[in-house]
Amino acid sequence: MQTINIHEAKTHLSRLVEEAAQGKSFIIAKAGKPLVKVSPLSAEERKGDEKLGFMAGEISIPDDFDSLGAPEIMLLFEGKLS
C-alpha cells in the first residue's frame with residue numbers, strides 16, 4: 001500500500017481520491033508517521049442519494065404547521081397579540 005506525505009496528498013487530492021474510489025487505498029503520513037488510511041466506500045456506503053422521503057410514514061406534520069405559535073411570534077416581533 002502506498003504511503004503519501006500530507007503535502008503531496010493536498011497537492012494531488014483529486015487524483016488520489018479518484019484512485020481510492022477505484023480501489024487503490026493509500027496511507028497519508030505526516031513527518032513519516034502514518035496518520036490515516038484512505039480507502040473506497042462499499043456499495044452500501046455509497047448509497048447517499050436516497051435522502052428525500054427517508055422518513056415517509058414515520059412522522060406526520062399537522063395541518064396547521066404554518067401557523068403554529070403565530071400569536072407568540074407576533075408578540076415577539078411586534079409586541080402585540082394578533
Side-chain angles (χ1 to χ4, degrees):
M1 183 174 305
Q2 184 179 15
T3 299
I4 301 168
N5 73 45
I6 199 162
H7 176 72
E8 183 182 353
K10 288 192 290 186
T11 303
H12 302 287
L13 183 61
S14 294
R15 177 180 55 83
L16 291 169
V17 168
E18 283 299 318
E19 289 177 7
Q22 294 172 8
K24 187 178 176 187
S25 301
F26 62 93
I27 294 173
I28 298 177
K30 184 175 183 180
K33 296 181 182 180
L35 292 177
V36 296
K37 178 181 176 183
V38 180
S39 58
L41 295 174
S42 67
E44 184 64 32
E45 291 171 318
R46 287 186 183 192
K47 288 185 179 180
D49 57 346
E50 299 172 4
K51 301 277 187 211
L52 190 60
F54 72 100
M55 292 192 72
E58 294 184 35
I59 62 169
S60 62
I61 300 171
D63 292 335
D64 63 344
F65 176 79
D66 292 335
S67 62
L68 287 173
E72 294 84 1
I73 294 171
M74 188 66 75
L75 180 64
L76 291 169
F77 277 96
E78 299 180 2
K80 59 184 175 184
L81 290 172
S82 60

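Everything numeric in this text was worked out from a predicted model, so none of it was measured.
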Going by atom type alone, with no hydrogens or angles, which donor-acceptor pairs under 3.5 Å involve a side-chain atom of residues 52-70 and a protein atom two or more places apart or on another chain?
unit_1 : atom_1 : unit_2 : atom_2 : d
Ser67  : OG     : Asp64  : O      : 3.1

Can you give each donor-acceptor pair under 3.5 Å made by side-chain atoms of residues 1-9, sequence neighbours left out, with the distance rounded to 0.1 Å?
unit_1 : atom_1 : unit_2 : atom_2 : d
Asn5   : OD1    : His7   : N      : 3.0
Asn5   : OD1    : Glu8   : N      : 2.7

Kindly list each side-chain donor-acceptor pair under 3.5 angstrom involving residues 16-42, sequence neighbours excluded, with atom names and distances?
unit_1 : atom_1 : unit_2 : atom_2 : d
Glu19  : OE2    : Arg15  : NH1    : 3.1
Ser42  : OG     : Glu45  : N      : 3.2
Ser42  : OG     : Glu45  : OE1    : 3.3

